[in-house]
Amino acid sequence: RHTGGIFTQYPKMAPAAKKMQKKSMESINSKIQLVMRSGKAILGTKVTKRAMLEGKAKMILLSNNAPPLSKSEIEYYALLSKCQVHHYFGNNNDLGTACGKYFKVSAMAIIDPGDSDILEGN
C-alpha cells in the first residue's frame, strides 16, 4: 500500500473560501481591465525590469507560473525601487486574458493606474 509520493490526495478547498477567492480574482481582473483602458501599463518581464530601474513602475503584477529566476529578479528590483508587487493568482495565460491580450503575460508593470484604484489595497 502506497501512502505518499505524487499520488497523495490533498483536501479540497472549502466552498466559502473558493467563492471568496473567485470574487477577489474577478475584482483584480476588473481593475486590470480598467488600467488597460484608462491608464498605462507595460507587459513582459524585460520591459517591467527596465521600468523599475528607471523608477517609472508603481505596481508590478506577477503570474503564479512566472519563471523563478525572473520572479526573484523582479521582486529584488521592486524592493530597490520601492514599488508594490502583487502575485496574481492565475497563470500567465489568465493574466494575459485579464489584460485583454491573446498572448501569455508573466509580468506587467503599471505606470499610470488611470481611473482604477488598483494601487489602494489589492
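When all heavy atoms of Ala109 and Ala57 are compared, the pair lying nearest together is CB-CB, 4.0 Å. Contact record, Ala98 with Asn29: CB-OD1, 3.5 Å, taken as the closest heavy-atom pair. For the pair Val35 and Ala41, the tightest heavy-atom approach, listed with the atom from each and the gap, is CG1-CB, 4.1 Å.
Panel note: side chain Thr45, backbone Ser70; no donor-acceptor pair is recorded below 3.5 Å. Here the side chain of Lys58 pairs no donor or acceptor atom with the backbone of Ile110 at under 3.5 angstrom. In terms of modelled atom types and a separation under 3.5 Å, the side chain of Asp117 and the main chain of Glu120 share no donor-acceptor contact. Of the possible polar contacts, one joining the Ser30 side chain to the Ser27 backbone as a donor-acceptor pair under 3.5 Å is found.
Expressed to the nearest 0.5 Å, how far CE of Met59 lies from OG of Ser116 amounts to 9.0 Å. Annotation: the span from Asn92 atom CG to Leu62 atom CG amounts to 11.5 Å, rounded to 0.5 Å. The CG atom of Asn65 sits 8.0 Å away from the NZ atom of Lys104 when rounded to the nearest 0.5 Å. Rounded to the nearest 0.5 angstrom, Asp112 CG and Ser38 OG are separated by 7.5 Å.
A side-chain contact (heavy atoms from CB on, under 4.5 Å) with Ile60 holds for exactly one of His87, Met52, Met108, Glu75; it is Met52.
Hydrophobic clustering (side-chain heavy atoms under 4.5 Å, transitive across Ile, Leu, Val, Met, Phe, Trp, Tyr) keeps Ile111 apart from Leu119. Tyr77 and Leu79 fall into different hydrophobic clusters, defined by Ile, Leu, Val, Met, Phe, Trp and Tyr side-chain heavy atoms under 4.5 Å apart, directly or through other members. In this structure, Ile74 is a member of the same hydrophobic cluster as Leu80, with clusters built from ILVMFWY side-chain heavy atoms closer than 4.5 Å. No single ILVMFWY cluster, assembled from side-chain heavy atoms under 4.5 Å apart, contains both Leu34 and Ile118. Leu95 is connected to Phe89 through a chain of hydrophobic side-chain contacts under 4.5 Å among Ile, Leu, Val, Met, Phe, Trp and Tyr, so both are in one cluster.
Residues passing the side chain to side chain contact (heavy atoms under 4.5 Å, CB included) test with Ser72 are Leu69, sequence neighbours excluded.
Counting heavy atoms from C-beta outward, Asn64 and Tyr88 have side chains that stay 4.5 Å or more apart. Lys56 is not listed as a side-chain neighbour of Ile42, based on a closest heavy-atom distance of 4.5 Å or more. Counting heavy atoms from C-beta on, the side chains of Cys99 and Ile32 come closer than 4.5 Å. Side-chain contact check for Met36 versus Lys101: some heavy-atom pair is nearer than 4.5 Å.
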